[in-house]
Enquirer: 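So that we are looking at the same thing, I have put the structure below in structure tokens.
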Amino acid sequence: MGKQLILAEKPSVARDIAKILGANENKKTYYEGKKVVVTWALGHLLTLKMPEDLNKNWQKWDLESLPMVPKYFGIKPLPRSRGQLNTIKKLAQRKDITEAVIATDAGREGELVARWIFEYVKLQKPLKRLWISSQTTKAVKEGFAHLKNGRDYDNLYQSALARSQADWLVGLNVTRALTVKYQDNLSAGRVQTPTLAMVRKQEEKIERFKPQKYYQISLLAQGQTAKMQMKNQFAFKTRQEAQDVVNQLKQGQVSKVEGKEKSQGAPLLYDLTELQQEANRRYGYSAKKTLSLVQSLYEIHKVVSYPRTDSKYLSNDIKATLKDRLRAVKNLAPEAESYLKEGAQIRQAKIFNNAKVTDHYALIPTEQTPNYAKLSGDEHKIYTLIVKRFLGIFAKAHRIKQEKTTVNFGKEKFIFSQSRVLEAGWKEEETPSAKVTPFKKGQTITPNFRIEEKLTTPPAALSEGALLAQMEKHGLGTPATRAEIIEKLIKSELMERSGNMLKVTPKGKQLLKLVNPSLVTPELTAKWEKQLEDIAHGKFSRQAFIKEITSETKLLVNEVKSSQANYQDFSLTQKKCPDCGAQLREKNTRDGKILICTNTECSYRRRAEAKVSNHRCPQCHKKMLIVTGKNGDYFKCKYDGTTEKMEKGGKKGKKKMTKREERRLMQKINQDNEPQESALAQALKAAMGK
């Protein structure tokens with residue numbers, strides 16, 4: 001009997017699958033058992049070929065070679081991936097391997113990872129697909145007992161392939177056109193550019209905002225306060241205008257007293273995007289951090305379902321698992337025990353809707369009880385959010401009584417509102433409202449007015465959570481890619497974080513003026529994302545999609561070519577390169593600011609600001625700087641130029657430098673370990689997400 005070749009996305013997942021399936025023989029690059037061989041990718045092992053791989057005329061960056069439209073894209077191994085590719089190839093060719101199983105992430109990108117690998121190794125054997133929504137032992141066993149035909153996911157693969165080819169066409173062509181024309185690393189893309197524009201649009205609202213002073217009239221009665229009802233709340237521009245109105249209000253009367261009970265069911269379950277928004281609002285986590293945490297909860301701890309989901313609903317077959325999931329979380333949430341005693345009664349039936357579950361259902365806890373000692377503090381917070389939202393399925397509705405009292409002073413109206421919690425339900429117990437004396441219809445109200453000076457407030461800058469909400473609303477990216485898009489914009493120095501808010505850099509502002517307006521607005525990109533979804537569901541073809549993308553790419557490139565816009569590089573400094581005399585450019589890195597030469601033929605780079613150490617110069621006894629050289633960090637005195645080697649940990653070297661070593665060191669001081677790549681090469685890497 002033959003064996004299955006199982007391809008997981010990561011070594012850790014392969015190890016877990018191997019353990020569950022009894023593949024206990026560890027062969028360094030794969031696991032083997034009686035019936036299965038389990039190996040792994042390392043995320044993507046392959047990528048689309050670069051322009052210079054396809055056409056020698058595309059090796060040189062110039063406007064004449066644009067747009068670049070390959071007849072055939074082709075794939076190539078990523079650096080340092082050949083070893084694992086060779087392993088997979090040898091395994092695929094073994095005579096005892098009779099079929100292969102794709103066990104990568106059950107999503108668009110996971111499909112692409114596996115299909116490219118099996119295409120590259122020329123797999124000639126039947127293909128099956130493991131499609132699961134959790135990594136628990138039970139889920140994995142059930143998934144392997146009900147493997148799908150791999151060809152059932154051909155449309156998903158076509159969608160993933162279309163996405164990668166579209167990003168190649170738009171990203172590389174527009175980025176190369178901008179970079180060559182304006183001689184700076186200007187990265188543009190199919191999704192990232194309209195995302196950047198959303199942040200800038202909010203900034204422009206803030207910049208246009210002019211604060212206005214206005215006055216507000218309030219009525220105080222029986223311990224409560226009510227604002228005067230006005231069509232235009234900013235109508236009173238001066239205190240005197242408000243006072244003139246107050247002077248006319250002599251005596252009031254309660255014209256209406258009404259009470260209304262309201263019931264509010266628990267919110268829908270989390271999809272990834274809403275979870276990222278909530279974690280950003282509560283804890284200031286970036287979208288990338290939240291994704292990383294929930295991925296760890298899914299993959300390592302196996303306590304939540306598949307994270308990269310876009311659904312907030314559950315399929316009906318999940319009902320049978322609810323009691324086990326409640327048992328798994330009762331140590332964290334005591335209310336789970338009471339829900340179990342009630343028979344796991346479902347109070348939010350709307351959550352179950354097969355039609356609204358796409359590839360995966362909503363984010364919920366699995367049947368596996370967590371080992372809380374192994375969860376980090378951040379993982380615990382994210383897990384708690386998911387559990388609390390899940391428990392809403394079983395919780396009673398939140399019930400309140402809203403009491404509204406209308407008081408008339410002639411034609412003017414004041415409305416007092418108060419809410420009283422009747423039953424907390426799924427919401428955490430709120431602070432009880434202060435007791436007030438109720439109003440009675442027909443009651444006379446003595447004038448007791450307050451005039452307050454107010455100032456209109458500007459719109460708030462976009463937080464990462466708010467940006468995620470806008471991206472979702474306009475169909476930009478997917479739950480799996482939105483965090484990556486935000487990080488790419490920051491890495492490209494087009495956007496930056498300011499606390500929990502996002503800001504467009506001067507470079508980003510200029511980029512938005514240099515690219516075609518159709519790439520700035522979300523409509524075109526949202527249309528493309530919808531078409532990618534249609535491809536995944538067999539409603540549209542990849543060939544038709546790429547044909548449309550190619551036409552748009554040509555228009556976008558020609559727009560850049562013919563543009564008369566000016567560009568100012570704000571990163572340029574007035575400092576000159578000591579090697580070639582060209583201007584130096586300032587660049588932000590994780591280690592601080594560095595200065596790099598604008599001459600693409602020159603490799604000069606150094607720290608913009610050297611760090612001051614506590615180590616003192618042996619000559620003048622003043623604190624020395626830490627500078628970066630080709631062979632690592634060194635001490636250097638900024639007063640007399642004395643240099644000293646550094647041991648690991650930043651300690652002074654014991655061996656005195658020779659004159660020859662000192663001369664060579666002085667030549668290397670302030671240079672990094674590797675030569676600086678040209679701005680063009682950097683742009684290319686940025687466009688491909690490397």
Side-chain angles (χ1 to χ4, degrees), residues 1-46 75 77 81-158 160-161 298-300 302 305-306 308 317 359-360 366 368:
M1 185 177 178
K3 294 183 178 183
Q4 288 179 331
L5 172 61
I6 300 166
L7 178 64
E9 190 155 331
K10 298 176 184 177
S12 59
V13 178
R15 182 185 65 242
D16 293 338
I17 290 175
K19 185 177 179 181
I20 292 168
L21 300 182
N24 299 319
E25 201 175 338
N26 189 343
K27 298 283 190 176
K28 192 174 180 180
T29 53
Y30 63 95
Y31 299 92
E32 186 156 3
K34 291 182 180 180
K35 297 181 180 180
V36 297
V37 175
V38 186
T39 188
W40 57 83
L42 299 164
H44 279 283
L45 294 181
L46 297 132
I75 54 177
S81 67
R82 288 190 180 276
Q84 192 62 19
L85 279 170
N86 288 335
T87 292
I88 298 169
K89 185 174 184 178
K90 289 175 183 177
L91 293 173
Q93 291 173 344
R94 274 175 40 173
K95 291 182 179 179
D96 61 337
I97 297 292
T98 56
E99 67 179 16
V101 178
I102 295 176
T104 50
D105 270 5
R108 191 166 76 183
E109 285 309 299
E111 194 70 21
L112 190 65
V113 166
R115 292 296 189 104
W116 271 357
I117 290 172
F118 285 137
E119 179 184 325
Y120 186 81
V121 303
K122 296 181 172 58
L123 179 75
Q124 300 295 323
K125 295 167 184 179
L127 192 63
K128 299 232 175 129
R129 190 37 157 128
L130 174 71
W131 196 270
I132 54 178
S133 289
S134 64
Q135 292 280 352
T136 63
T137 299
K138 181 181 177 183
V140 172
K141 284 183 176 179
E142 286 182 356
F144 273 100
H146 302 91
L147 288 172
K148 313 286 186 183
N149 187 323
R151 298 304 162 197
D152 291 348
Y153 296 88
D154 281 352
N155 288 331
L156 185 65
Y157 169 54
Q158 291 297 315
L161 194 57
Y298 165 72
E299 205 170 85
I300 298 172
K302 310 180 193 317
S305 58
Y306 185 76
R308 299 168 188 256
D317 59 340
D359 295 331
H360 295 279
T366 65
Q368 187 157 311

Enquirer: Looking only at atom types and distance, does a side-chain atom of Asp105 sit under 3.5 Å from a main-chain N or O of Gly107, one as donor and one as acceptor?
Expert: no

Enquirer: Does a side-chain N-to-carboxylate-O contact under 4.0 Å join Arg115 and Asp154?
Expert: yes

Enquirer: Side chains of Arg108 and Leu156: closer than 4.5 Å at any heavy-atom pair?
Expert: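 Side-chain contact under 4.5 Å: yes.
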
Enquirer: Do side-chain atoms of Lys10 reach the backbone of Ala41 as a donor and acceptor pair under 3.5 angstrom?
Expert: no

Enquirer: Just so I know, are the side chains of Val36 and Lys3 near enough to count as touching, which here means a heavy-atom distance under 4.5 Å?
Expert: no

Enquirer: Do Glu119 and Tyr157 meet the criterion of a side-chain donor-acceptor pair at a distance under 3.5 Å?
Expert: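 Yes - a donor-acceptor pair under 3.5 Å links their side chains.
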
Enquirer: Would you say Lys302's side chain and Glu299's backbone share a donor-acceptor pair under 3.5 angstrom?
Expert: yes

Enquirer: Is the backbone N or O of Ala106 less than 3.5 Å from a side-chain atom of His360, with the two atoms forming a donor-acceptor pair by type?
Expert: yes

Enquirer: Working to the nearest 0.5 Å, report the span between CG of Asn26 and OH of Tyr31.
Expert: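 Interatomic distance, Asn26 CG to Tyr31 OH, rounded to 0.5 Å: 5.0 Å.
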
Enquirer: Assess the side chains of Gln368 and Ser134: does a donor N or O sit below 3.5 Å from an acceptor N or O?
Expert: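 Result is no, nothing qualifies.
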
Enquirer: For a 4.5 angstrom cut-off between non-hydrogen side-chain atoms, does Phe144 reach Val101?
Expert: yes

Enquirer: Does a side-chain heavy-atom distance below 4.5 Å link Leu85 with Leu46?
Expert: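 Yes, their side chains come closer than 4.5 Å.
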
Enquirer: Counting N and O atoms only, with roles assigned by atom type, does the side chain of Asn86 sit under 3.5 Å from a partner on the main chain of Arg82, one being a donor and the other an acceptor?
Expert: yes

Enquirer: Look only at the side chain of Lys128 and the backbone of Ala100, and say whether a donor-acceptor pair between them is shorter than 3.5 Å.
Expert: no

Enquirer: Could you work out, with side chain to side chain contact (heavy atoms under 4.5 Å, CB included) as the rule, every residue matching Gln158, not counting sequence neighbours?
Expert: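 Here the qualifying residues are Ile535, Arg542.
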
Enquirer: Between Glu111 and Thr104, what is the shortest heavy-atom contact and its length?
Expert: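 Looking at all heavy atoms of both residues, the closest pair is N-OG1, 4.3 Å.
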
Enquirer: Between atom CG of Leu5 and atom CD of Glu32, what is the distance when rounded to the nearest 0.5 Å?
Expert: 10.0 Å

